[in-house]
Amino acid sequence: MLVKTYCAAVNGMDVTTVTVEVSLTRGIKFHLSGLADVAVKESHDRIAAALRNNGFKFPSGDVTVNMAPADLKKEGSSYDLPLAIGLLAASGKVDDKELKDYMIVGEMGLDGNLQPVRGALPISILARKEHFKGLILPKQNAREAAVVNNLKVYGMENITDVVKFFNGDTSYTPTFVDTRKEFYEHQYQFDLDYSDVRGQENVKRALEVAAAGGHNLIMVGPPGSGKSMMAKRLPTILPPLSLAESLETTQIHSIAGKLGTDSSLISQRPFRAPHHSISQSALVGGGTNPQPGEISLAHNGVLFADELPEFNKSTLEVLRQPLEDRHITISRVKYTIDYPCSFMFVAAMNPCPCGYYNDPTHNCVCTPGQIQRYLNKISGPLLDRIDIQVEITPVPFDEISKTAPGEPSAAIRERVIKARKIQEERYAPYKGVHCNAQMSERLMHQFAEPDEQGLELLRMAMKKLNLSARAYSRILKVARTIADLDGSEHVQSSHIAEAVSYRNLDRADWADMKYNKA
């Protein structure tokens, strides 16, 4: 007897329907074909034990299983359930009339209980696209998959439940999620707020400019000056996710297995802060079983690199291409996978090896050479992709002891949203450009050219401060954002002046200036 069940293979962001064909004839052998990995081949033993422990008998006969398309690599344990249902249907224990209408995924324990799988959301999207009537999967993944409308999603606890479902012995209610209601309810529920930050008004202004234009930013300051504290609050002032962005972000986290139990859509922009010991493959993605890296998990959000010079230099260099292209291509011998990675890169570092330059409570003991070697850990090409560079000094006691809270994130966010809307309208005719940080050279000359006074100020600043040539376009992009925050159609000299103040690390004598002042 020949029976077919349907499941899905997740390879990167691509999801493919897999047809599990089970043929049962006289004999004693078990054959599995279709480029299955070790985890899939081991499913035979798991399925046999699970069936015995739930009162079913493993089919006695010659069993041939083919997983089509046969040239597509099948990885993981999510094929347990469709294989088990196919075997039971082939032996007459499960009614096969409705198997063609449902996609089935799930890992089974030896007791027959279903375990959560990765990629439930993209699988659900594929099931609707392929016009399946419904999706059957572990109960822990039900809410995640039920985000997709016009598809019946059934979360099951045990293989016995699935058998009863297809045999019509028990009626099950599909999982329902009011996607829009849950999405909008949790958009602004933040645990952190900029009202907690006392002082540091110039740094908060720099963060506001970065959020408004999508600019990458680095903060330089001694330990305890508030770099991490302010970086962690950056998502609270970013524009809220759209439903399309939320769906794309949730898919990536689903594929990586980072969604919690009973999760649905991600409603807030992600904030990822990997440790400086992270490897290249963990940062950009890949591995034996290709998974999204931290840069993809930060898609539509923020990637924060604390203690930037402590990262391995070769690891930092792999960020250069993703920061520019906003997607990462992972190429191996057997596969090529693309992951999106459009994120804001925010970094923090100490100003010198001892960390205490410009700290009123400590003396800096570093020489200019030590400072220069410390800064040289960050390459020029990587620094070139960071638009805003701001120095932080410790907050005086008088500022810390103030009882009045700082400006709340909600007020800053309103200004940021207003500036982003101006940019969306400006770049509407240009595909792939949504904010000032994404401007090409042609767009920059079209929309960010300063007036004569501003151009003269920029010329003087570059000459007097020994700014590098790469700082020119960065200053213009940031000045364009500052003008948008001011509601100005043209870039003025005041906008140029503020943008120049955000290029501290581009000064050719920056390390020497620090030492001489100390």
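Computed from heavy atoms alone, side chains included, the values below leave out hydrogens, waters and symmetry copies.
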Using a 6.0 Å cut-off, check whether atom [atom1] of [X] has over 12 heavy atoms from anything other than its own residue.
{"X": "K73", "atom1": "NZ", "value": "yes"}
{"X": "R320", "atom1": "CZ", "value": "yes"}
{"X": "K129", "atom1": "NZ", "value": "no"}

Within the 4.5 Å heavy-atom criterion, are [X] and [Y] side-chain neighbours or not?
{"X": "V390", "Y": "I218", "value": "no"}
{"X": "Y502", "Y": "I482", "value": "yes"}
{"X": "M230", "Y": "V203", "value": "yes"}
{"X": "I104", "Y": "C7", "value": "no"}
{"X": "L265", "Y": "T179", "value": "yes"}
{"X": "V197", "Y": "Y194", "value": "yes"}
{"X": "M67", "Y": "Y79", "value": "yes"}
{"X": "L247", "Y": "I125", "value": "yes"}

Residues [X], [Y]: salt bridge by 4.0 Å N-O rule:
{"X": "E208", "Y": "R415", "answer": "yes"}
{"X": "R480", "Y": "D484", "answer": "yes"}
{"X": "E498", "Y": "R205", "answer": "yes"}
{"X": "K421", "Y": "E424", "answer": "no"}

- prompt: Judged by modelled atom types alone, do Q423 and H434 share a side-chain donor-acceptor pair under 3.5 Å?
  reply: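 No pair is found: no donor N or O on one side chain lies under 3.5 Å from an acceptor on the other.
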So does [Y] get a backbone contact from the side chain of [X], meaning a donor-acceptor N/O pair under 3.5 Å?
{"X": "E144", "Y": "G119", "answer": "no"}
{"X": "D37", "Y": "V40", "answer": "yes"}
{"X": "K74", "Y": "A9", "answer": "no"}
{"X": "R474", "Y": "D384", "answer": "yes"}
{"X": "K477", "Y": "Q438", "answer": "no"}
{"X": "D193", "Y": "S195", "answer": "yes"}
{"X": "H253", "Y": "L297", "answer": "yes"}
{"X": "S246", "Y": "S242", "answer": "no"}
{"X": "T250", "Y": "I266", "answer": "yes"}
{"X": "S124", "Y": "A145", "answer": "yes"}

Compare every heavy atom of [Y] with every heavy atom of [X], then report the nearest pair and how far apart it is.
{"X": "L114", "Y": "M156", "result": "CD1-O, 3.6 Å"}
{"X": "I337", "Y": "G12", "result": "CG2-CA, 3.5 Å"}
{"X": "P240", "Y": "E245", "result": "O-OE1, 4.2 Å"}
{"X": "C352", "Y": "Y356", "result": "SG-N, 3.7 Å"}
{"X": "S331", "Y": "T336", "result": "OG-CG2, 3.7 Å"}
{"X": "L308", "Y": "A347", "result": "CD2-CB, 3.8 Å"}

- prompt: Passes side chain to side chain contact (heavy atoms under 4.5 Å, CB included), L443 versus Y430? Steps please.
  reply: CA-CA 9 Å; L443 292 177; Y430 306 98; 3.6 Å; yes
- prompt: How many angstroms lie between CG in L135 and OG1 in T175, if you round to the nearest 0.5 Å?
  reply: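 The CG atom of L135 sits 10.0 Å away from the OG1 atom of T175.
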- request: Show the numbers, then the answer: is there a side chain to side chain contact (heavy atoms under 4.5 Å, CB included) between E182 and S267?
  value: CA-CA 8 Å; E182 292 199 4; S267 56; over 6 Å; no
query: Do F345 and F304 have their ring centres less than 6.0 Å from each other?
result: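 When the ring centroids of F345 and F304 are compared, they turn out to be at least 6.0 Å apart.
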task: Look at the rings of Y472 and H445 and say which category their plane angle falls in: under 30° parallel, 30 to 60° tilted, over 60° perpendicular.
output: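 Correct class here is tilted.
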message: My understanding is that only one of H215, R426, R420 makes a side-chain hydrogen bond (donor to acceptor under 3.5 Å, both in side chains) with N436; could you say which?
response: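 Going through the options one by one, the only one that passes is R426.
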- prompt: Could you walk me through whether M219 and Q389 pass the side chain to side chain contact (heavy atoms under 4.5 Å, CB included) check?
  reply: CA-CA 6 Å; M219 293 177 284; Q389 305 158 359; over 6 Å; no
All salt bridge (Lys or Arg N to Asp or Glu O under 4.0 Å) counterparts of R233, not counting sequence neighbours: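 R233 satisfies salt bridge (Lys or Arg N to Asp or Glu O under 4.0 Å) with D196 once adjacent residues are dropped.
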message: Apply side chain to side chain contact (heavy atoms under 4.5 Å, CB included) to residues H299 and F343 and explain how you reach the verdict.
response: CA-CA 5 Å; H299 181 59; F343 58 91; 6.0 Å; no
